[in-house]
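Some notes on the structure that comes next.
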Amino acid sequence: MNDNITISLMQLFEMFPDQDSAREYLERRRWPEGVFCPICASVDRITTRKNGYYRCNECKGDFTVRTGTIFERSHVPLHKWVYAMYLLVTSRKGISSLQLSKEISVTQKTAWFMLSRLREALGKDMDQLAGIVEIDETYIGGKETNKHRRNKTNLGRGAVGKQAVVGMRERGGRTLARPVAKADTLTVNNLVFQYIQVGSAIHTDESAIYRGLDGMFYSHDSINHGTKEYVRDNVTTNSIESVFAVMKRGLNGVYHHASPKHLG
């Protein structure tokens with residue numbers, strides 16, 4: 001599949017009508033220069049067996065294209081995995097495990113397992129963000145006025161009783177967001193040092209929690225939403241705010257609820 005073109009659902013069905021077609025595609029992607037053993041990395045003594053199995057005569061191990069991947073020890077057919085990946089990356093506001101279970105004819109428990117593995121695969125080994133990085137914070141949770149009486153905190157409005165999330169978006173590139181116990185200067189500074197390359201340009205709003213970035217190893221510019229300033233030259237936080245807007249639309253319309261345990 002071309003990484004720059006979104007194919008249609010009908011094209012996907014034509015490309016992967018069954019498990020064998022999906023297996024052959026994944027083998028070409030994983031082993032473009034020939035099959036090698038994922039156990040001992042041998043490339044010379046590989047024997048082809050039936051139903052997508054291979055035998056490594058070096059370590060005497062049997063393996064398939066699933067071995068050592070998120071598909072390992074899963075009985076879900078590979079073309080259903082490919083379909084799940086397609087739905088996950090093309091559904092702008094996300095797809096729930098219940099909806100996925102209906103789309104690919106698996107149980108909701110299996111769909112939850114598949115989505116968890118796919119998200120885990122997408123979230124690992126991210127290099128530090130670089131260039132111009134926009135940072136903003138948001139709060140996830142229901143409004144006090146909409147909660148049942150037993151769930152109300154009665155501590156005020158705004159962020160009270162909600163989960164804080166700090167988001168960082170590389171201009172024109174990747175996004176990283178983390179749930180945090182408290183959105184304050186210390187937390188923001190630690191996230192910046194961990195996830196943003198030294199020397200990058202950081203854009204934020206006028207919140208006091210970002211003042212600790214001044215005079216550090218980054219250039220820091222901010223805009224003042226309080227005075228209705230949203231763009232100044234190339235300084236803006238519109239990109240990360242758009243990420244949060246789409247995320248909240250997904251929470252409202254697709255997932256309906258995300259507990260702090262699973263929000264990450």
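Because the structure is predicted, anything quoted here is derived from the model rather than measured.
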Main-chain N/O of [Y] paired to [X] side chain as donor or acceptor, under 3.5 Å:
{"X": "Lys80", "Y": "Ile104", "result": "yes"}
{"X": "Gln19", "Y": "Leu78", "result": "yes"}
{"X": "Arg169", "Y": "Gly173", "result": "yes"}
{"X": "Ser242", "Y": "Asn238", "result": "yes"}

Practice task
Indicate the atoms forming the closest heavy-atom contact of Trp81 with Ser74, along with that distance.
Solution key: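 Taking every non-hydrogen atom into account, NE1-OG, 3.2 Å.
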
Exercise for the section: Quick one: do His79 and Asp18 satisfy side-chain hydrogen bond (donor to acceptor under 3.5 Å, both in side chains)? Show the steps, please. Expected result: CA-CA 6 Å; His79 63 299; Asp18 52 35; over 6 Å; no

Does atom [atom1] of [X] have more than 12 heavy-atom neighbours from other groups under 6.0 Å away?
{"X": "Phe193", "atom1": "CZ", "value": "yes"}
{"X": "Arg232", "atom1": "CZ", "value": "yes"}
{"X": "Tyr230", "atom1": "OH", "value": "yes"}

Handout entry: Phe13: partners by ring pair (Phe, Tyr, Trp, His ring centres under 6.0 Å), with sequence neighbours left out
Key =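 Phe13 satisfies ring pair (Phe, Tyr, Trp, His ring centres under 6.0 Å) with Tyr83 only.
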
Practice task
Could you grab the distance from atom CE of Met168 to atom CZ of Arg174, nearest 0.5 Å is fine?
Solution key: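 The CZ atom of Arg174 is 11.0 Å from CE of Met168, to the nearest 0.5 Å.
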
Sub-4.5 Å side-chain heavy-atom contact between [X] and [Y]:
{"X": "Thr236", "Y": "Glu134", "result": "yes"}
{"X": "Trp31", "Y": "Tyr54", "result": "yes"}
{"X": "Ile223", "Y": "Val231", "result": "no"}
{"X": "Ile240", "Y": "Thr237", "result": "yes"}
{"X": "Phe36", "Y": "Ile46", "result": "no"}
{"X": "Phe63", "Y": "Val35", "result": "yes"}

Problem - Counterpart residues, side chain to side chain donor-acceptor pair (under 3.5 Å), relative to Thr227 (two or more places apart) - result: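 Not a single residue meets the side chain to side chain donor-acceptor pair (under 3.5 Å) criterion with Thr227.
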
Exercise for the section: For Tyr218, enumerate each residue passing the side chain to side chain donor-acceptor pair (under 3.5 Å) test, keeping only those at least two apart in sequence or located in another chain. Expected result: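 By the side chain to side chain donor-acceptor pair (under 3.5 Å) rule, Tyr218 matches no residue at all.
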
Exercise for the section: Could you tell me whether Asp20 and Arg23 make a salt bridge, using a distance below 4.0 angstrom between a side-chain N and a carboxylate O? Expected result: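 Yes.
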
Show me the donor-acceptor pairs within less than 3.5 Å that the side chains of residues 196-203 make with the rest of the protein, sequence neighbours left out.
| from | atom 1 | to | atom 2 | distance (Å) |
| --- | --- | --- | --- | --- |
| Ser200 | OG | Gln197 | O | 2.7 |
| His203 | ND1 | Arg171 | NH2 | 3.0 |

Exercise for the section: Verify side-chain hydrogen bond (donor to acceptor under 3.5 Å, both in side chains) between Thr138 and Lys248, making sure each step is shown before the conclusion. Expected result: CA-CA 10 Å; Thr138 191; Lys248 290 183 177 181; 2.7 Å; yes

I'd like a table of donor-acceptor pairs (distance under 3.5 Å, sequence neighbours excluded) in which one partner is a side-chain atom from residues 55-62, with atom names and distances.
| from | atom 1 | to | atom 2 | distance (Å) |
| --- | --- | --- | --- | --- |
| Arg55 | NE | Asp62 | OD1 | 2.4 |
| Arg55 | NH2 | Asp62 | OD1 | 3.2 |
| Arg55 | NH2 | Asp62 | OD2 | 3.2 |
| Asn57 | ND2 | Arg45 | O | 3.4 |
| Asn57 | ND2 | Thr47 | OG1 | 2.7 |
| Lys60 | NZ | Asn57 | O | 3.4 |
| Asp62 | OD1 | Arg49 | NH1 | 3.1 |
| Asp62 | OD2 | Arg49 | NH1 | 3.1 |

Problem - Partner set under side chain to side chain contact (heavy atoms under 4.5 Å, CB included) for Glu14, not counting sequence neighbours - result: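 Expected list: none.
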
